[in-house]
Amino acid sequence: MSSQEVEVLVVGAGQAGIAMSEHLSERGIAHVVLERDRIAERWRSMRWDSLVANGPVWHDRFPGLEFTEPEPGAFASKEQVADYFVAYAEKIGAPVRCGIEVNSVRRNIGAPGFEVKTSDGDFNARYVVAATGPFQKPVIPAVVPDAAGLVQIHSSCYRNPGQLPEGAVLVVGAGSSGVQIAAEIQRSGRQVYLSVGPHDRPPRSYRGRDFCWWLGVLGMWDAATPPLGAEHVTIAVSGADGGHTVDFRALAADGIRLVGRTEAFDNGTMRFAPDLRENIANGDAHYLQLLDEADAYIEHNGLDLPEEPEASTVRPDPESLTNPLRELDLAGAGVTSIVWATGFVQDYSWLQVDAFDETGRPQHQRGVSSEPGVYFLGLPWQSRRGSSFIWGVWHDAKYVADQISIQRSYLAHNEQAALAPSGAV
């Protein structure tokens, strides 16, 4: 069977792939988007039942289409987000082919472009865009052996408290996912232990404006690199229940027991790092700093926004902080399951080209890889802090499409030169 010829092959039809398709189409560049499941499948099948987006729908969208529901200041459910991308793909006429898995991409020998092997035959592509995003392979640290007799699931497999056995639950990871899952399980009547690592804790809103707006006007979305030492610091913010500021002291007051970073497991006992107080303090400092910067912005620009002095009030330290647990006998505490909200690693095993460093990380400059003709999209901090967010990936896709267009112009010139009389070019 002969290969299917395509100029640009985009792998993945999530937010990155759909954004890439829009910008390629605007430039008249022929392409196909291959998706192994459905459009935006991970929003549907790798999220818990009650999940909503962490940004309001006026912000977390592409410029070319507004959400039909919910209201602009509300937070879309996971199904509404997935439906939005399906509608967007239809709106722009994205050439998406679902149910096709890309098995390998290799550079052609003695010819330009790449050989792409898929579950639906082979493709020959001049350019390849890896738009599979940052959430590819769930990570469960090798801490607790399977023989320990505990139910262990990653947050991407968690759906609701009913899927867990009776008993207390340890949630490891206190970013947006871990916090929301812990709160939901606690409301179901379980005792929850929440392992808290380093995190940023912005206000959900302040003085009448959402934190997404504040990060925008303060230039924080455009930060090019994370602060030194904060590359893996998570953001603890929630759109659940209409949106609210994550307050670990409030979680403790509701009955959740806070513990430090999960370090080790030995003979039924989990051990935690002595860093809980430091992690909470650093999160508080980040929160209060953002309030101060927002106040200064309001004053400098003469804005008439309501004052909110109570926002800077910090609750008293709970027992979790004053008498921190360093170890926990899981059986003695009735813990029967662990939810690991510990993030993901990228998996580019299918992309067999020279575009990665010795650790397997993509080598790129704003998505333009070290392998000519290969591009990345949807990476955290690809060009700025907002790169892995819905609106941010749209802007990164525009840049990548521009770079592909530039390379096409060089190729077109070369072809014209080859046809011109000798010395004419």
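- For Lys78, the salt bridge (charged side-chain N to carboxylate O under 4.0 Å, His left out) criterion is met by no residue, not counting sequence neighbours.
- Residues passing the side chain to side chain donor-acceptor pair (under 3.5 Å) test with Arg408, sequence neighbours excluded: Glu7.
- In this structure, Phe344 has its ring center closer than 6.0 angstrom to the ring center of His154.
- Within the structure, ring-ring contact (aromatic ring centres under 6.0 Å, His included) pairs that include any residue of residues 161-196 do not occur (at least two apart or interchain).
- Residue pairs satisfying the salt bridge (Lys or Arg N to Asp or Glu O under 4.0 Å) criterion with at least one member in residues 19-34, sequence neighbours excluded, are listed as follows: Arg27-Asp402.
- With sequence neighbours excluded, the residues forming a side-chain contact (heavy atoms from CB on, under 4.5 Å) with Phe62 are Gln15, Ile18, Ala19, Tyr84, Phe85, Tyr88, Ile390, Val393, Trp394, listed by chain and number.
- Between Gly178 and Val171, the shortest heavy-atom contact is O-CG1, 3.7 Å.
- Across all their heavy atoms, Gly55 and Arg204 have their closest contact at CA-NH2, 4.2 Å.
- Using modelled atom types, one finds a donor on one side chain and an acceptor on the other under 3.5 Å when comparing Glu5 with Asn124.
- Two rings, from His59 and Trp213, have their centers 6.0 Å or more apart.
- With sequence neighbours excluded, no residue satisfies side chain to side chain donor-acceptor pair (under 3.5 Å) with Trp221.
- Under the side-chain contact (heavy atoms from CB on, under 4.5 Å) criterion, Arg187 pairs with Ala183, Glu184, Asp241, sequence neighbours left out.
- Panel note: side chain Arg271, backbone Glu263; no donor-acceptor pair is recorded below 3.5 Å.
- Checking side-chain atoms of Ser176 against main-chain N and O of Ile235 turns up a donor-acceptor pair under 3.5 Å.
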Checking Asp247 against Thr245 for the side chain to side chain donor-acceptor pair (under 3.5 Å) test, could you report, in this order, the C-alpha distance in whole Å, the side-chain angles of both residues, the deciding distance, and whether it holds? CA-CA 6 Å; Asp247 186 337; Thr245 298; over 6 Å; no
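- In this structure, Asp222 does not pair ionically with Arg385, as no charged nitrogen and carboxylate oxygen lie closer than 4.0 Å.
- A salt bridge does not link Arg207 with Asp304: none of the charged nitrogens is closer than 4.0 Å to a carboxylate oxygen.
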Just list the side-chain donor-acceptor pairs under 3.5 Å for residues 285-292, sequence neighbours left out, or say none.
from	atom 1	to	atom 2	distance (Å)
His286	ND1	Arg201	N	3.1
Tyr287	OH	Ala311	O	2.5
Gln289	NE2	Glu293	OE2	2.9

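- No side-chain donor-acceptor contact under 3.5 Å links Ser177 and Ser155.
- Annotation: side chain to side chain donor-acceptor pair (under 3.5 Å) contacts of Ser45 (sequence neighbours excluded): Glu41.
- For Tyr399, the side-chain contact (heavy atoms from CB on, under 4.5 Å) partners at least two apart in sequence or on another chain are Arg366, Val368, Gln403.
- Under the 3.5 Å distance criterion, the side-chain polar atoms of Trp214 are matched with a main-chain donor or acceptor of Tyr206.
- You'll find the side chain of Met270 reaches within 4.5 Å of the side chain of Val144, heavy atoms only.
- Sequence neighbours left out, the pairs with a member in residues 95-106 that pass salt bridge (Lys or Arg N to Asp or Glu O under 4.0 Å) are Arg36-Glu101, Arg97-Asp120.
- Donor-acceptor pairing under 3.5 Å is lacking for the side chains of Gln163 and Asp49.
- Residues Leu164 and Arg190 come closest through the heavy atom pair O-NH2, 3.2 Å.
- Residues passing the side-chain contact (heavy atoms from CB on, under 4.5 Å) test with Ala355, sequence neighbours excluded: Val353, Ser369, Ser370, Glu371, Phe376.
- In this structure, Thr336 contributes its side chain and Glu166 its backbone to a donor-acceptor pair below 3.5 Å.
- Defined by atom type and a distance below 3.5 Å, a donor-acceptor pair is present between the side-chain atoms of Asp347 and Ser349.
- Judged by distance alone, the side chain of Ser238 and the main-chain N or O of Val246 form no donor-acceptor pair under 3.5 Å.
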